[in-house]
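Notes for the one structure printed next.
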Amino acid sequence: MFKRLVIVASTLTFVAATAAACGGGSGGGGTSLGFSQVGAESGWRTANTQSIQDSAKDAGINLKFADAQQKQENQIKAIRSFIQQKVDVIAFSPVVESGWDTVLKEAKDAKIPVILTDRAVDSKDPSYYATFLGSDFVEEGRKAAQWVLDTYKGSNETVNIAELQGTTGSAPAIDRKKGFLDLIGADPKFKIVASQTGDFTRAKGKEVMQAFLASHQKIDVLFAHNDDMALGAIQAIEEAGLEPGKDIKIVSIDGVHDALQALVDGKENYVVECNPLLGPQLMDLVKKVKAGQPVDHRIVTTETTFTPEQAAAALPQRKY
Ligand code: AHR
């Protein structure tokens, strides 16, 4: 009888251990994930970090989180430390596109799968990462440009555009500019009269907009690569005695709460969404790549756009 009880007990222990190892139930089954975040430069980034931390907790995944403070060398250090700690999966949102091949090869040699989230790398070797989960930034730039085209349809007057670019060398700055120019560049009445980086921050957006206003008599449209820079620019425009949304029309990308509020208040005109809530999909992918299951090499996030009316309807449920 005692022998039988011991057999039953040890069988149950084995079943529980196997379930944990396979990620059974809601748990990540002892899965460890090293995540290197860009920084905390924008409202979008804060929402993205929160989503990743909450989803890791919900999925029972042991998250080792490192904030790179917008520096590539900090991300490389963090990835090397994750390799040393032998985490199961590494994920990161690369601050810039180039310069990753060496560290990605180190992860590959250590047999640790890598997931790119939010931003891409320009590596030519697709085997350096298992999948890339994030937005289509070129499409976002096109959506912003389409709004400008529609707004000035039928007018023959020159439209002067100022552009606040994201972090130099980052995938969203490169791709959003490309998408915007793809459409705007086809019509000579649109002129980009000023273009500079505002590093995706509110403070820099304000500072650069002040410089634009000081050196350009007539700016009709501001295209900001993200909401935070647009919100900083709104302050600069108001301080210059102009009305944002009227004297200067504004289109930006992200869809954070404050930008939707600016739309409702008439200080912005159009917002293209970039979805930061990547956490649940990321945790799902982490479990799959750890288990050796196939995943798509590119997963594009679903996104929308906001007019002032659509912003008013969305604001009460907006989580970030
Ligand atoms: O990579 C996504 C971009 O990074 C967001 O548009 C911006 O707000 C963030 O800093």
Side-chain angles (χ1 to χ4, degrees), residues 35-52 67-72 74-75 91-98 100 115-122 129 132-145 163-180 197-206 208-209 222-234 250-263 268 270-279 281-282 298-306 318-320:
F35 187 87
S36 168
Q37 180 61 290
V38 171
E41 74 282 5
S42 63
W44 188 101
R45 189 65 55 196
T46 307
N48 179 247
T49 293
Q50 194 66 54
S51 170
I52 287 162
D67 177 337
Q69 297 179 340
Q70 299 256 68
K71 291 199 177 75
Q72 183 174 31
N74 289 346
Q75 289 202 293
F92 77 116
S93 180
V95 60
V96 289
E97 264 192 352
S98 45
W100 299 102
I115 298 177
L116 301 178
T117 60
D118 161 37
R119 297 185 183 180
V121 297
D122 65 2
Y129 58 94
F132 165 33
L133 165 69
S135 309
D136 181 341
F137 296 136
V138 176
E139 187 54 26
E140 291 172 351
R142 284 206 192 104
K143 287 178 184 169
E163 179 188 28
L164 277 169
Q165 295 182 38
T167 303
T168 306
S170 69
I174 295 167
D175 292 353
R176 286 172 183 166
K177 185 178 187 67
K178 184 186 176 309
F180 191 76
T197 180
D199 218 6
F200 282 132
T201 69
R202 224 175 259 218
K204 254 308 195 53
K206 181 176 179 186
V208 177
M209 191 67 206
L222 170 68
F223 167 43
H225 287 196
N226 84 341
D227 287 347
D228 277 77
M229 291 189 294
L231 291 161
I234 287 172
I250 303 177
V251 51
S252 66
I253 300 174
D254 274 354
V256 300
H257 189 279
D258 289 0
L260 297 194
Q261 188 61 54
L263 272 179
E268 263 211 67
Y270 197 63
V271 170
V272 176
E273 188 182 44
C274 177
N275 184 4
L277 307 180
L278 303 177
Q281 259 176 304
L282 174 61
R298 174 74 170 108
I299 300 164
V300 182
T301 328
T302 311
E303 282 150 0
T304 186
T305 52
F306 296 97
R318 204 68 177 165
K319 291 206 178 72
Y320 56 92

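Sequential numbering from 1 along the given sequence is applied to the chain's residues. As the structure lists them, so they are numbered: ligands from 1, and atoms in each ligand from 1.
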Any Lys/Arg nitrogen of [X] or [Y] sitting under 4.0 Å from an Asp/Glu carboxylate oxygen of the other?
| X | Y | value |
| --- | --- | --- |
| Glu140 | Lys143 | no |
| Glu97 | Arg119 | no |
| Arg45 | Asp254 | no |

[atom]: the protein heavy-atom neighbour that sits closest, reported with distance to 0.1 Å:
| atom | value |
| --- | --- |
| atom 2 (C) of ligand 1 | Asp118 OD1, 3.2 Å |
| atom 10 (O) of ligand 1 | Glu41 OE2, 2.4 Å |
| atom 4 (O) of ligand 1 | Arg119 NH2, 2.9 Å |

Interfacing atoms of ligand 1 (cut-off 4.0 Å, heavy-atom, [X]):
| X | answer |
| --- | --- |
| Phe200 | 7 (C), 10 (O) |
| Pro172 | 1 (O) |
| Ser42 | 7 (C), 8 (O), 9 (C), 10 (O) |

Is the closest heavy-atom distance from [X] to ligand 1 below 4.0 Å?
| X | result |
| --- | --- |
| Glu273 | no |
| Asp254 | yes |
| Ile253 | no |

Kindly determine whether Tyr320 and Gln50 satisfy side-chain contact (heavy atoms from CB on, under 4.5 Å), including the steps that lead there. CA-CA 10 Å; Tyr320 56 92; Gln50 194 66 54; over 6 Å; no

Hey, is the main chain of [Y] close enough, under 3.5 Å, to the side chain of [X] for a donor-acceptor pair?
| X | Y | result |
| --- | --- | --- |
| Ser252 | Val271 | no |
| Ser170 | Thr167 | yes |
| Asp228 | Gly43 | yes |

Is there any N or O on His225 that sits under 3.5 Å from an N or O of ligand 1? no

For Gln75 and Ser36, test the side chains for any donor-to-acceptor distance below 3.5 angstrom and give the result as yes or no. yes

Just to be sure I read this right, does ligand 1 sit under 4.0 Å from the backbone of Met229, its side chain, both, or neither, counting only heavy atoms? neither

Which option out of Asn226, Asn48, Val256 puts a heavy atom nearest to atom 7 (C) of ligand 1? Asn226

